[in-house]
Amino acid sequence: MVQIRLTNTRTRRKEVFEPLDCNDVRLYLCGPTVYDRAHLGNARPVLVFDVLVRLLRHVYGEDSVTYVRNFTDVDDKINARAAATGRTIREITDETIAWYHADMDALGALRPDHEPRATEYIPQMIAMIGDLIARGNAYEAEGHVLFDVRSFPDYGRLSGRSVDDMIAGARVEVAPFKRDPMDFVLWKPSGADQPGWDSPWGRGRPGWHIECSAMSEALLGPSFDIHGGGIDLQFPHHENEIAQSCCAHPEATFANVWLHNEMLQVEGKKMSKSLGNFFTVRDLLDRGVPGEVIRFVMLSTHYRKPMDWTEVKMKEAKAVLRRWWDIVGNAEPSKPSPHVILALADDLNTSSAIAALHQLYDEVRQWQPPQVEGRTGISSEEIQTWIDARSEFLASANFLGLLTEALSDWVKPTTWGDDIERLVTSICSKWLKLRRARNYEQADLLKSQMRAAHIELVAEKGDQTNFKYLNPYKKELADDILQKLQSIKESWEIAS
RNA sequence: GGCGGGUUGGCGGAGAGGUUACGCAGCGGAUUGCAAAUCCGUGAAGACCGGUUCGAUUCCGGUACCCGCCUCCA
């Protein structure tokens with residue numbers, strides 16, 4: 001069995017992964033607060049976990065992995081959005097969840113096995129809070145329930161901080177009813193205009209952290225294997241989750257392995273609205289950046305390193321993927337290469353896995369019939385070698401969620417409508433005639449006119465002509481292109 | 001102030017105490033009317049200062065710079 005090693009934030013070491021139960025490997029990823037479109041940074045942990053889940057399923061079996069990712073659908077940001085727009089909270093959260101699904105699907109991310117919504121687990125949260133009070137780890141004060149951090153000696157261990165240090169450097173004003181400045185809210189009272197649920201402490205709503213403790217317990221049990229999210233969640237969110245869950249279940253371990261991905265930057269700077277470099281996944285998709293390209297760029301940097309999103313990377317990724325798609329043809333995937341699997345098993349080294357794909361690509365090229373034909377006769381063994389190499393390459397790429405049918409739209413020929421295509425075809429044959437007649441001056445003139453119509457004419461071997469659209473995604477150019485083609489056709493007196 | 005991450009060739013980006021990462025770009029060549037695409041070949045590195053070692057870009061210490069978190073954030 002392939003040995004998987006993961007860097008555990010809890011121990012700060014790369015460790016061999018040993019599941020609690022080989023037949024049910026359990027993971028929890030902190031999901032989005034659903035009040036707006038997911039920004040690009042939100043996609044990073046999703047893709048990291050996507051690769052992790054694929055790897056775990058490969059190693060432990062398709063049905064031996066349970067992947068949970070929550071939706072936080074009770075939050076003051078959502079309340080604010082509802083108040084600002086006059087829409088109901090449920091409308092906003094339903095809509096945002098649908099967006100989230102669409103956007104993550106576009107990146108080829110598999111859906112988790114469970115996607116619990118916080119609002120569906122309020123009773124479990126109330127029960128856990130009650131339990132924490134009974135155990136002396138939480139207390140009620142002025143309608144709030146607070147977690148008593150001094151009651152949990154390990155508080156701060158995950159993030160390597162001491163409660164005293166944090167208090168010394170704290171920049172927040174402290175609510176007067178807190179016993180300790182670091183105590184955090186488990187339950188808070190709701191006004192009439194805020195969403196609320198009845199509880200032993202009055203009508204209110206949960207604090208942010210308790211939902212993950214309650215939902216992971218409900219769906220994965222008090223002890224499970226892997227818990228993840230962005231490194232910014234390490235403190236306070238994950239620290240607080242640990243405090244809640246470990247105090248509610250002292251006999252359990254909660255999450256054994258903590259995985260945290262580093263942050264995303266844009267052109268070397270933090271993505272922020274004030275810098276004007278803030279954008280969502282949908283913004284990129286709408287700009288015509290294929291989801292597969294976003295995925296490739298994300299996976300080309302190891303998850304524990306800061307990742308810089310740049311235009312250059314995007315272009316390079318696009319060029320690479322195009323080349324890869326070109327040699328795939330009608331290949332059937334076989335088994336992924338061990339090189340790819342081993343790279344991923346080593347702390348999800350996606351960058352190294354992509355390097356392995358480049359090598360597999362080279363092997364396919366090496367045996368591709370036109371190449372082979374050039375040297376000597378082709379033996380059937382050589383053909384078979386080529387077919388096998390291609391199948392392995394495809395399966396390996398598929399393992400990373402690349403070169404899949406689902407993400408292939410952008411490499412398929414764009415259809416601009418019959419009118420345009422008929423015109424292009426007839427102009428192509430005119431160009432071919434000019435070239436056959438060695439009338440290159442005229443041929444180049446036609447070519448440059450076509451370029452102005454957003455179409456590049458390309459000469460190919462064997463007296464062929466091909467063409468490609470220069471702006472395949474800008475459908476709004478269709479009218480312009482049609483018009484230009486018609487005038488080209490007329491001026492060159494091309495018969496229909 | 002506290003905690004954490006980073007610094008690799010022109011750019012991006014990995015691994016490994018001693019042997020080619022890899023990709024893009026560049027350069028040389030093949031092919032081509034031109035061009036594109038493709039193919040073959042190729043140079044180029046590890047912030048700085050010390051230490052450990054037969055040997056460090058890789059381990060240890062320090063310096064500088066960059067970034068993030070400590071408040072909602074993936």
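So you know, we letter chains A, B, ... as the sequences are listed, proteins then strands, and number each from 1.
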For [X], answer base if it contacts any base atom (sugar-phosphate contacts may also be present), sugar-phosphate if it contacts only those atoms, and nothing otherwise; contact means non-hydrogen atoms under 4.0 Å.
X	value
Val458(A)	base
Gln265(A)	sugar-phosphate
Arg12(A)	sugar-phosphate
Leu264(A)	base
Gly41(A)	base

Picking from [options], which would you name as closest to the side chain of [X]?
X	options	result
Ala459(A)	C34(B), G68(B), C22(B)	C34(B)
Tyr361(A)	G13(B), C39(B), A35(B)	C39(B)
Glu262(A)	A74(B), G5(B), A35(B)	G5(B)
Lys447(A)	G23(B), A14(B), C34(B)	C34(B)
His358(A)	C34(B), A14(B), G23(B)	G23(B)
Arg435(A)	G23(B), A74(B), G33(B)	G33(B)
Lys305(A)	G23(B), A14(B), G33(B)	A14(B)
Gln359(A)	A74(B), G33(B), C22(B)	C22(B)
Ser352(A)	G13(B), G33(B), A14(B)	A14(B)
Ala355(A)	C22(B), G68(B), A36(B)	C22(B)

Distance check needed: [N] [atom2] versus [X] [atom1], whole Å only.
X	N	atom1	atom2	value
Leu27(A)	A74(B)	CG	P	19 Å
Asp326(A)	A36(B)	CG	P	17 Å
Arg304(A)	G15(B)	CZ	C1'	14 Å
Asn349(A)	A21(B)	CG	P	16 Å
His209(A)	C72(B)	NE2	C1'	10 Å
Glu239(A)	U71(B)	CD	P	12 Å
Trp309(A)	C67(B)	CH2	C1'	20 Å
Tyr303(A)	G6(B)	OH	P	12 Å

For [N], what is the paired nucleotide under Watson-Crick or G-U wobble rules, both distances under 3.5 Å?
N	result
U7(B)	A64(B)
A25(B)	none
C54(B)	G18(B)
C34(B)	none
C69(B)	G2(B)
A45(B)	none

Does CZ belonging to Arg13(A) count more than 12 external heavy atoms closer than 6.0 Å?
no

Quantified in whole Å, what is the [atom1] atom distance between nucleotide [N] and nucleotide [M]?
N	M	atom1	value
G62(B)	G4(B)	P	13 Å
A56(B)	A25(B)	P	36 Å
C66(B)	U53(B)	P	35 Å
U42(B)	C48(B)	C1'	32 Å
G1(B)	G43(B)	P	48 Å
A21(B)	C73(B)	C1'	36 Å
A64(B)	G15(B)	P	27 Å
G10(B)	U63(B)	P	28 Å

Given the structure, check if the side chain of His39(A) and the base of A74(B) hold any donor-acceptor pair shorter than 3.5 Å.
yes

Report yes or no: is there a donor-acceptor pair, N or O only, under 3.5 Å between the side chain of Asp444(A) and the base of G33(B)?
yes

Think Arg322(A) forms a cation-pi with Trp324(A), using NZ or CZ under 6.0 Å from the six-ring centre and within 45 degrees of its axis?
no

Check whether Trp325(A) forms a cation-pi arrangement with Arg323(A) (NZ or CZ under 6.0 Å from the six-membered ring centre, at most 45° off the ring normal).
no

Measuring only between side-chain heavy atoms, which start at C-beta, is [X] closer than 4.5 Å to [Y]?
X	Y	answer
Thr11(A)	Val257(A)	no
Asp347(A)	Tyr303(A)	yes
Pro306(A)	Met263(A)	no

Decide, yes or no, whether a salt bridge links Arg287(A) with Glu311(A) under the criterion of side-chain N to carboxylate O below 4.0 Å.
yes

Closer than 4.0 angstrom, basic N to acidic O: yes or no for Asp444(A) and Lys447(A)?
no

Would you say G13(B) has OP1 or OP2 under 4.0 Å from some side-chain N or O of Lys313(A)?
yes

So, is Arg157(A) near the phosphate of C3(B), with a side-chain N or O under 4.0 Å from OP1 or OP2?
no

Please figure out whether Arg5(A) or Ala319(A) has its closest RNA chain B nucleotide nearer the 5' end.
Arg5(A)

On RNA chain B, does the nearest nucleotide to Asp362(A) precede the nearest nucleotide to Asp346(A) from the 5' side, or the other way round? Give the residue.
Asp346(A)

Is the glycosidic torsion of G51(B) within 90° of 0, making it syn, or is it anti?
anti

For residues Gly108(A) and Arg54(A), report the shortest heavy-atom separation together with the two atoms involved.
O-NH2, 2.9 Å

